[in-house]
Asker: 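Before anything else, here's the structure in question.
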Amino acid sequence: EKKTESKEVISALRDQRKYKQGHTELQVKVDTGKLDNMVDLTGELVIAQSMLRQNPYITASSDQKLYHNLGQLNQITSGLQKIAMSMRMVPIKSTFQKMVRLVRDLAKNSGKEVALEMSGEDTEIDRNMVEAISDPLMHMVRNAVDHGIEPPDTRREAGKPETGTVTLRAYHAAGSVMIELEDDGKGLDRDRIYA
């Protein structure tokens with residue numbers, strides 16, 4: 001039985017990557033249950049690796065080879081975790097695209113002129129969040145068109161363009177995904193709210 005050295009394995013993997021770079025990227029459909037299981041197992045691996053590093057026998061050891069191996073394990077585990085998490089990410093574009101038709105239909109039914117402006121459609125979010133934010137976002141867009149944007153004649157009298165604008169944007173900030181919705185409608189009537 002021949003033992004393969006880790007250097008040989010790493011070299012072979014590098015050769016495979018070089019070969020792949022010259023070829024078209026391939027995509028594979030993966031069952032979401034399997035993907036979620038892989039993410040969970042990767043999380044457990046990170047915890048197990050952290051516990052191993054903090055083990056009193058390890059921390060008391062002065063074996064440099066052991067520390068080098070643990071360092072390699074840490075790098076591999078971190079890389080695996082990043083890849084596993086990125087596999088769950090999808091662009092928010094499909095969610096934003098649903099709003100295009102919604103705004104068009106709402107504007108048509110209400111006799112208003114409304115333009116939808118979008119930015120950051122390529123911002124990626126966890127695929128589970130796509131379902132969670134879809135309905136609330138649709139509700140807020142509906143409110144912006146129904147209650148925020150005024151009819152064309154009211155806007156004209158106020159010195160505004162007849163076409164109202166709803167702006168939808170997504171971006172990364174401080175490790176979070178920010179989704180902003182804005183309209184250039186009348187806003188809140190402070191006096192009416194106070195009354």
Side-chain angles (χ1 to χ4, degrees), residues 20-21 23-43 79-195:
K20 273 203 261 181
Q21 285 171 356
H23 293 76
T24 310
E25 288 289 323
L26 298 174
Q27 291 189 350
V28 179
K29 285 188 179 181
V30 179
D31 177 67
T32 55
K34 288 179 181 176
L35 184 59
D36 288 341
N37 194 30
M38 188 184 84
V39 170
D40 291 343
L41 286 171
T42 304
L80 182 61
Q81 186 181 33
K82 283 178 190 168
I83 291 168
M85 295 308 290
S86 72
M87 287 172 70
R88 290 173 58 115
M89 304 298 272
V90 293
I92 201 166
K93 188 174 192 168
S94 60
T95 305
F96 275 18
Q97 287 301 321
K98 290 178 188 173
M99 307 305 152
V100 174
R101 184 172 178 182
L102 177 64
V103 168
R104 189 181 63 230
D105 292 349
L106 289 169
K108 187 178 176 183
N109 293 339
S110 63
K112 297 176 181 177
E113 292 178 26
V114 187
L116 177 64
E117 293 181 357
M118 298 184 292
S119 66
E121 299 100 314
D122 292 332
T123 304
E124 291 188 328
I125 60 172
D126 189 289
R127 63 177 177 75
N128 292 334
M129 287 303 298
V130 171
E131 293 171 23
I133 67 166
S134 186
D135 286 347
L137 194 58
M138 287 179 91
H139 181 72
M140 289 188 289
V141 168
R142 182 174 274 116
N143 278 348
V145 176
D146 287 346
H147 306 297
I149 303 291
E150 318 91 325
D153 54 342
T154 307
R155 290 179 65 86
R156 194 170 46 249
E157 288 166 15
K160 292 175 160 184
E162 290 186 10
T163 301
T165 304
V166 173
T167 307
L168 199 52
R169 63 181 75 89
Y171 58 91
H172 289 280
S176 297
V177 174
M178 305 298 289
I179 299 171
E180 294 179 351
L181 175 66
E182 183 182 353
D183 69 68
D184 68 348
K186 62 181 180 260
L188 300 173
D189 187 335
R190 186 179 296 181
D191 295 335
R192 194 170 165 198
I193 291 168
Y194 283 152

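Throughout, residue positions are numbered sequentially from 1 according to the sequence presented.
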Asker: Within a strict 4.5 Å, meaning less than it, do heavy atoms of the M118 and V100 side chains meet?
Answerer: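 Sidechains of V100 and M118: in contact.
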
Asker: Please examine the side chains of M38 and L41, heavy atoms only from C-beta on, and report whether any two atoms are closer than 4.5 Å.
Answerer: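 A side-chain contact under 4.5 Å is absent here.
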
Asker: Apply the side chain to side chain contact (heavy atoms under 4.5 Å, CB included) test between V114 and each candidate in L106, V141, V145; give the one that qualifies.
Answerer: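 One option only clears the test, and that one is V145.
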
Asker: Is any NZ, NE, NH1 or NH2 atom of the basic residue among R88 and D36 found under 4.0 Å from an Asp or Glu carboxylate oxygen of the other?
Answerer: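 The answer is yes: the pair qualifies as a salt bridge.
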
Asker: Any donor and acceptor pair, going by atom type alone, linking the side chain of T42 with main-chain N or O of A84 inside 3.5 Å?
Answerer: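 Such a contact is absent between T42 side chain and A84 backbone.
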
Asker: Can you tell me how far OG1 of T95 sits from CD1 of I133, rounded to the nearest 0.5 angstrom?
Answerer: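 Here the interatomic distance stands at 5.0 Å.
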
Asker: Within the structure provided, determine whether R155 and K112 are in side-chain contact (heavy-atom separation under 4.5 Å).
Answerer: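 Counting from C-beta outward, R155 and K112 never come under 4.5 Å.
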
Asker: Using a cut-off of 6.0 Å, state whether more than 12 heavy atoms not belonging to L188 lie near its atom CG.
Answerer: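 Check fails, neighbour count at 12 or below.
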
Asker: Quick one: does E150's side chain have a donor or acceptor within less than 3.5 Å of a partner on K186's backbone?
Answerer: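 Here the side-chain-to-backbone pair exists.
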
Asker: Going by heavy atoms in the side chains, are L35 and R127 under 4.5 Å from each other?
Answerer: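 Result yes, sub-4.5 Å side-chain heavy-atom pair found.
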
Asker: Do you know which of L181, V103, I92 makes side chain to side chain contact (heavy atoms under 4.5 Å, CB included) with L168?
Answerer: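 Result for side chain to side chain contact (heavy atoms under 4.5 Å, CB included) with L168: L181.
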
Asker: Indicate whether any N or O donor in one side chain lies under 3.5 Å from an N or O acceptor in the other, for E113 and T163.
Answerer: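 Note: E113 and T163 side chains meet the donor-acceptor criterion.
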
Asker: So, do H172 and V177 sit near enough that their side-chain heavy atoms are less than 4.5 Å apart?
Answerer: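 When only atoms from C-beta onward are counted, V177 and H172 do touch, with a gap below 4.5 Å.
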
